[in-house]
> 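Structure in structure tokens, see below.
Below, each value reflects all heavy atoms present in this structure, side chains not excepted, and no hydrogens, waters or symmetry copies. One-based numbering along the sequence shown.
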Amino acid sequence: QVQLVESGGGSVQAGGSLRLSCAASGKTYSAYCMGWFRQAPGKEREGVASLRVGGQITYYADSVKGRFTISQDNAKNTLYLQMNSLKPEDTAMYYCAAGRFRVWGVCSTDTGDFYSWGQGTQVTVSS
């Protein structure tokens, strides 16, 4: 299993920025994909961004393309999500997750492809 701990959430005004971090430990070698997901009150958890561990390919939900950037520091076993131009609709609990390929070599932002989850960090964007 992979253990994941998120940090960096907080409250920010619309147009502001935040950077989320996710520290991974345990069997990190078993994860082929890492991703960020979010869940707002009363809504289903949705994929935000993902990447192939050790690779350069990234995947983004349409709602965050051009505003959010997912990245990784393999030496530190840490995943990041840089969030710029934040909007009130970005308000949610954000979760880091580790998962498998959708098909060989390809990651997704589908919750069903991820099996280890962090406890979440809250992001609140005010208008």
> For residues 20-32, pull every pair meeting salt bridge (charged side-chain N to carboxylate O under 4.0 Å, His left out), keeping only residues two or more places apart or in separate chains.
none
> For Thr121, give me all partners under side chain to side chain donor-acceptor pair (under 3.5 Å), at least two apart in sequence or on another chain.
none
> Sequence neighbours left out, cut at 3.5 Å: what donor-acceptor pairs do the side chains of residues 92-101 make with other protein atoms?
unit_1	atom_1	unit_2	atom_2	d
Tyr94	OH	Arg38	NH1	2.9
Tyr94	OH	Asp90	O	2.6
Arg100	NH1	Gly112	O	3.4

> For side-chain contact (heavy atoms from CB on, under 4.5 Å), just list the numbers for Leu18 and Leu86, CA-CA rounded to whole Å, side-chain angles, deciding distance to a tenth of an Å, and then say yes or no.
CA-CA 8 Å; Leu18 283 172; Leu86 282 161; 4.2 Å; yes
> Which value, rounded to the nearest 0.5 Å, describes the distance between Ile70 atom CD1 and Thr58 atom OG1?
7.5 Å
> Going through the distances and angles, do Tyr32 and Trp104 end up as a ring pair (Phe, Tyr, Trp, His ring centres under 6.0 Å)?
CA-CA 10 Å; Tyr32 292 105; Trp104 183 254; 5.7 Å; yes
> Give me each pair satisfying side-chain hydrogen bond (donor to acceptor under 3.5 Å, both in side chains) with a member in residues 12-21, each pair once, sequence neighbours excluded.
Ser17-Asn84
> Evaluate the criterion side-chain contact (heavy atoms from CB on, under 4.5 Å) for residue pair Ser30 and Val2; output intermediate values, then yes/no.
CA-CA 8 Å; Ser30 65; Val2 181; 3.8 Å; yes
> Is a side-chain N or O of Thr109 found less than 3.5 angstrom from the main chain of Ala61, in a donor-acceptor match?
no
> Quick test of your reading: applying ring pair (Phe, Tyr, Trp, His ring centres under 6.0 Å), list the pairs with at least one residue in residues 44-81, sequence neighbours left out, ordered by first then second residue.
none
> Any side-chain to backbone donor/acceptor pair from Gln72 onto Gly55? Under 3.5 Å, distance only.
yes
> With a 4.5 Å cut-off on side-chain heavy atoms, are Ser50 and Phe37 touching?
no
> Using 0.5 Å steps for rounding, measure from the SG atom of Cys22 to the CD atom of Gln3.
11.0 Å
> Who are the salt bridge (Lys or Arg N to Asp or Glu O under 4.0 Å) partners of Asp73, not counting sequence neighbours?
none
> Count the heavy atoms belonging to other residues, nucleotides or ligands that lie under 6.0 Å from CD of Glu44, then report whether that count exceeds 12.
no
> Tell me every residue that passes side chain to side chain donor-acceptor pair (under 3.5 Å) with Lys43, counting only those two or more places apart in sequence or in another chain.
none
> Only pairs at least two apart or in different chains count here, so list each disulfide (SG to SG under 2.5 Å) that has a residue in residues 46-91.
none
> In chain order, what residues pass the side chain to side chain donor-acceptor pair (under 3.5 Å) check against Gln1, with sequence neighbours excluded?
Ser116
> What distance do Ser126 atom OG and Lys87 atom NZ have between them, rounded to the nearest 0.5 Å?
15.5 Å
> Which residue pairs satisfy the salt bridge (charged side-chain N to carboxylate O under 4.0 Å, His left out) criterion with at least one member in residues 108-127, sequence neighbours excluded?
Arg102-Asp110, Arg102-Asp113
> Testing the basics here: between Leu4 and Met34, what is the closest heavy-atom pair and its distance to 0.1 Å?
CD2-CE, 3.8 Å
> Is there side-chain contact between Ile57 and Val106, with heavy atoms separated by less than 4.5 Å?
no
> In Å and rounded to the nearest 0.5 Å, what is the OG to CZ distance from Ser85 to Arg67?
7.0 Å
> Holding to side chain to side chain donor-acceptor pair (under 3.5 Å), I want the full list of residues that pass it with Gln39, two or more places apart in sequence or in another chain.
Arg45
> Once you round to the nearest 0.5 Å, how far does OG1 of Thr28 lie from CG of Leu79?
12.5 Å
> Scan residues 26-57 for pairs that pass disulfide (SG to SG under 2.5 Å), counting only residues two or more places apart or in two chains.
Cys33-Cys107
> Is any side-chain heavy atom of Met83 less than 4.5 Å from a side-chain heavy atom of Leu81?
yes
> Hey, mind stepping through Val12 and Thr124 against side-chain contact (heavy atoms from CB on, under 4.5 Å) and telling me if it holds?
CA-CA 6 Å; Val12 65; Thr124 302; over 6 Å; no
